[in-house]
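The next block holds one structure in the form of C-alpha cells; read it before the comments.
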Protein chains: 2
Amino acid sequence: MSLRHALLTALIEKPASGLDLAKRFDRSIGYFWSATHQQIYKELGRMESDGLIESTPEENARGVKKIHRVLGKGRQELKRWVAECGEPAPLRDPLMVRLRAEGAIGPAGLAKSLQALREEHVAKRALYQEFEARDFSKAPSDRAAALRHVVLKAGLKHENYWIEVLDEALSVLAQDDD
Amino acid sequence: MSLRHALLTALIEKPASGLDLAKRFDRSIGYFWSATHQQIYKELGRMESDGLIESTPEENARGVKKIHRVLGKGRQELKRWVAECGEPAPLRDPLMVRLRAEGAIGPAGLAKSLQALREEHVAKRALYQEFEARDFSKAPSDRAAALRHVVLKAGLKHENYWIEVLDEALSVLAQDDD
DNA sequence: ACGCGCATGTAACCAGTTACATGATTCT
DNA sequence: AGAATCATGTAACTGGTTACATGCGCGT
C-alpha cells in the first residue's frame, strides 16, 4: 500500500496532475519507488473517492488536466502510516536465484550478463554522486533536507552493495573462464 | 518468472514434494526468494503441464504425496534463463517513502518502528554469521559451494546495508527527540 | 484541417497474499 | 474412533505490468 503514501508525500510537497507525478516519479521519488502512469491514475482515483485528496476539475474527462491536492484526511492517513510498524520486507532477488542455479547446473554464461548489470549499477552510482555534489555539498539546514540526504545516501550504499556482490560473483565465475 | 527457476534449481539439487519445497524455502532458498505453499503448488502444476518436470503419481488427488523431478526440457529452460540478461530490478522500498514522508509532514514517531526494524536486521545478520561459521569456515572446494558462499555473503552485506541506513536515519531523527 | 504531443484513462493479464477446504496417515 | 499432522489444493483479492484507446490544444 505504499504507492498511495508515496503519492501523498509528493502531493504535499506540491499539488500536481497525474502526468506531473509520473514525471517526478521518473526522477527523485521513482529512484526508490517506481510507478507507471496507469498505476498512478488508478490510485489517484481511489484516493479521491476515499476522501484523501481533492481533484479539480471534478469531471472524469480524458485529455483535461486535473490538479490534485491533499486534504486533511490525507495528511492524517500519511501520519498514521509513517508511525506504523513496518514489516521487514521479504527479500526476493533473482540474481541470487541465478547464482544458485548456475551452481546446480554448471557454467551457463552468467558472467556476461553480470558484467552488464555491474555497469548499470556503476552508472547509477555515478548519477547519485552527482546529485549529492549538487544538492548536499554543504550540511543540510533543515530536517526535511537531512532526511532526503539520508535517502540519497541509502541509494548510494545500495549501488555499492550491488557492485561488491557482483564483483565477488564475477571473481568466482572467472575461475573457470566460463 | 523467477519462482519457476528457483523451483527448478531446488528440484535439480534433489527431487521433492510440494511441501518439502515449501520447507526448504523456509530455510535456505527462502532467505532470498520467499514463497508460500499455495504459490508453489500452483507453479508446480503449471511446470508439469509445460513439460518442465514430471510428477508422480500423476492423478490430482488431495492428501496424496507427489514427487516432482526435473526433465530435460526443465534443465534447458533453467540454462536459458540463467544466461539471459537480467533487468536491473526496479527498486521499491517503503522505508525510503517513510523517511521522505516524515520530512514532508514533520515528526510522526518513526524512530520507534525503525528501532524495531533495526533489531530484526541485527538478528538476521547474526543468523547468517552462524551459517557462515558452520558451512564455510574453510575455503569451499567446488564451484557450487563457492557460489553458495557468495550468495550468503550477499545476504550478510544486505543486512549490514540496512543496519547502516537505519543508524543514519535514527541519528537524524534523534536530533529533535521525536 | 490535420498531425503531434500532452493528458487521462480502460482492459487484460500476471505474480503474490490470505483465507479456507479437503483427503490421507499416524498415534493414542 | 478421534485428534493431530502431513499433504494438496481452491477462491477471492491486491498490486503491478503491458498494451491499447480516447480526448484536448497547439503549431503549421
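In the text below, chain A, chain B and the rest are named by the order of the sequence lines, each starting its count at 1.
- In this structure, the CE atom of A:M47 is 17 Å from the P atom of D:dT14, given to the nearest Å.
- Each of B:R92 and B:K23 was assigned the nucleotide of DNA chain D with the nearest heavy atom; the assignment lying further toward the 5' end belongs to B:K23.
- Residues A:E132 and A:H149 have side chains that bring a donor and an acceptor to within less than 3.5 angstrom of each other.
- In this structure, CD of A:E43 is placed 14 Å from P of C:dG9, rounded to the nearest angstrom.
- Counting to the nearest Å, the C1' atom of D:dG9 and the CG atom of B:L19 are 12 Å from each other.
- Under a cutoff of 6.0 Å and an axis angle of 45°, A:R118 and A:W162 do not form a cation-pi pair.
- Residue A:Q38 places none of its side-chain N or O atoms closer than 4.0 Å to OP1 or OP2 of D:dG16.
- Note: B:F136 and B:F131 fail the aromatic proximity criterion, with ring centroids not under 6.0 Å apart.
- Residue B:K42 places no side-chain N or O under 4.0 Å from the OP1 or OP2 atom of C:dC14.
- Side-chain N/O atoms of B:H5 and B:E77 include a donor and acceptor closer than 3.5 Å.
- Rounding to whole angstrom units, CG of residue A:D50 and P of D:dT14 are separated by 12 Å.
- One interatomic measurement links the two molecules: CG of A:L21 to P of C:dC6, which rounds to 17 Å at whole-angstrom precision.
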> Should A:L44 and A:L11 be marked as a side chain to side chain contact (heavy atoms under 4.5 Å, CB included) after you check the CA-CA gap, both sets of side-chain angles, and the distance that decides it?
Replying inline: CA-CA 11 Å; A:L44 285 172; A:L11 287 177; 4.1 Å; yes
Close N/O contacts between protein and nucleotides 21-28 of chain C (under 3.5 Å):
from, atom 1, to, atom 2, distance (Å)
C:dA21, N3, B:R62, NH1, 2.6

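- Between B:K65 atom NZ and D:dG9 atom P the separation is 13 Å, expressed in whole Å.
- Each of B:M47, B:R75, B:E13 was checked for a side chain to side chain contact (heavy atoms under 4.5 Å, CB included) with B:L8, and the lone residue meeting it is B:M47.
- The interatomic distance linking B:M1 (CE) with D:dG16 (C1') rounds to 16 Å, in whole Å.
- Here the options are A:T36, A:D20, A:L3, the test is side chain to side chain contact (heavy atoms under 4.5 Å, CB included), and the partner is A:F25; only A:L3 passes.
- Across D:dT17, C:dT17, D:dA7, the shortest atom-to-atom separation from the side chain of B:T36 is found for C:dT17.
- Between B:L44 atom CG and D:dA7 atom C1' the separation is 13 Å, expressed in whole Å.
- Residue A:Y41 has its side chain nearest to C:dT8 when only C:dT8, C:dA15, C:dT17 are considered.
- Each of A:A35 and B:D20 was matched to the nucleotide of DNA chain D holding its nearest heavy atom; the match closer to the 5' end belongs to B:D20.
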